[in-house]
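A short worksheet on the structure shown next.
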Amino acid sequence: MKQMACKFCDCLFDAPAISHNEAAFCPMCKQKLIQRPKYSLQFCLSFAIASLFLFVLSNVFTFLAIDAQGQYHQMLLAEASFVFWQYDQVLLAILVLLVVLLIPLGLIISLIYILWPLLFQRKIAVGTCRLARIIFQLKNWSMVEVYLVAVLASLTKLTALASIEFGIGLWGYISFTICLSATLTNLDRHRFWRYLDKVKCHQNLKQQNQNT
């Protein structure tokens, strides 16, 4: 039986096998460690596909339009990083590019790549294990919620200085943030690895039947 460590008190114990809609608690500190809602991976895939659509929407259409002192300027989401670069804030530009654009996009595409064949075709895509480990590591580095709060806080100050128009890109980004949060919330590490083991067993049995 596999062992797992409590993330609250580091207690090491045998990982329990739980069914849908059940939860496991640490035997030492009694904190909830595993919760297995039914269809969590299916919900994760659905929200990931919706997130991808909204990500494209928020990057194609205008994010903000600013009218100040007779000058009118429209801005796309990706331009935020470019503006920091223009003002020699290279580190900040790279950070915004990574945590706001590249890491969330990479997470979404990777999740769709490994979950779609796993759930619908009961097949394991090439590099699934390695990609899944990277996803679980990068999961905590997606900071789109923080960026959205910072943007909204800045807008409240800018409205006093200039006329601000909210573009379709901003509404798309707000929806994208909600969908991405729902995607990562439904991405259960233990559920994923157990489902992967189940598909591996299914593939092995199928291979044995074909050989006999």
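Keep in mind that this is a model prediction, so the values were computed, not measured.
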ask   = If you round to the nearest 0.5 Å, how far is CZ of F192 from CG of D197?
value = 10.0 Å

request  = For residues W85 and L92, determine if any side-chain heavy atom of one lies less than 4.5 Å from a side-chain heavy atom of the other.
outcome  = no

ask   = Would I49 and W116 count as a side chain to side chain contact (heavy atoms under 4.5 Å, CB included) if you check the C-alpha gap in whole Å, the side-chain angles of each, and the deciding distance to 0.1 Å?
value = CA-CA 10 Å; I49 294 171; W116 182 276; 4.0 Å; yes

task = Check the pair L111, L45 against side chain to side chain contact (heavy atoms under 4.5 Å, CB included), reporting the backbone distance first and the verdict last.
result = CA-CA 7 Å; L111 280 172; L45 177 60; over 6 Å; no

key: Check: C129 and W193 side chains under 4.5 Å, non-hydrogen atoms   = yes

ask   = Atom CD1 in I103, atom CD1 in I135: separation rounded to 0.5 Å?
value = 12.5 Å

query = Roughly how far, to the nearest 0.5 Å, is the SG atom of C44 from the CZ atom of R191?
reply = 11.5 Å

request  = Taking the side chain as every heavy atom from C-beta outward, state whether T177 and L54 have any pair of such atoms under 4.5 Å apart.
outcome  = no

inquiry  = If you define the side chain from C-beta out and look only at heavy atoms, does anything of C11 sit under 4.5 Å from Q31?
reply    = no

note = Hits for side-chain contact (heavy atoms from CB on, under 4.5 Å) against L76, two or more places apart or cross-chain, chain-then-number order -> E79

ask   = Any side-chain heavy atom of V60 sitting closer than 4.5 Å to one from I168?
value = no

message = Over 60° means perpendicular and under 30° means parallel, so tell me whether F47 and F43 are parallel, tilted or perpendicular.
response = tilted

remark   = Shortest non-hydrogen pair, S51 vs T183, comes out as OG-OG1, 3.6 Å

query = Are any of the side-chain heavy atoms of V199 and K123 separated by less than 4.5 Å?
reply = no

ask   = Do L187 and F136 touch side chain to side chain, with heavy atoms closer than 4.5 Å?
value = yes

ask   = Do the side chains of P117 and I124 get nearer than 4.5 Å, heavy atoms only?
value = no

request  = Measure across L118 and Y195 and return the closest heavy-atom pair with its distance rounded to 0.1 Å.
outcome  = O-CE2, 3.6 Å

query = Say you draw a straight line from CG of L180 to CG of L52; how long is it, rounded to the nearest 0.5 Å?
reply = 11.0 Å

note = Note: A50 and C179 closest approach over all heavy atoms is CB-SG, 4.1 Å

request  = Report the C-alpha separation of L101 and F55 in whole Å, then their side-chain angles, then the decisive distance to 0.1 Å, and conclude whether the side chain to side chain contact (heavy atoms under 4.5 Å, CB included) test is met.
outcome  = CA-CA 9 Å; L101 296 174; F55 184 85; 4.0 Å; yes

inquiry  = In this structure, is the centre-to-centre distance between the rings of Y173 and F176 below 6.0 Å?
reply    = yes

query = Do you know which two heavy atoms are closest between Q203 and R122, and how far apart they sit?
reply = NE2-O, 3.6 Å

S110 side-chain N/O to L107 backbone N/O, donor-acceptor pair under 3.5 Å = no

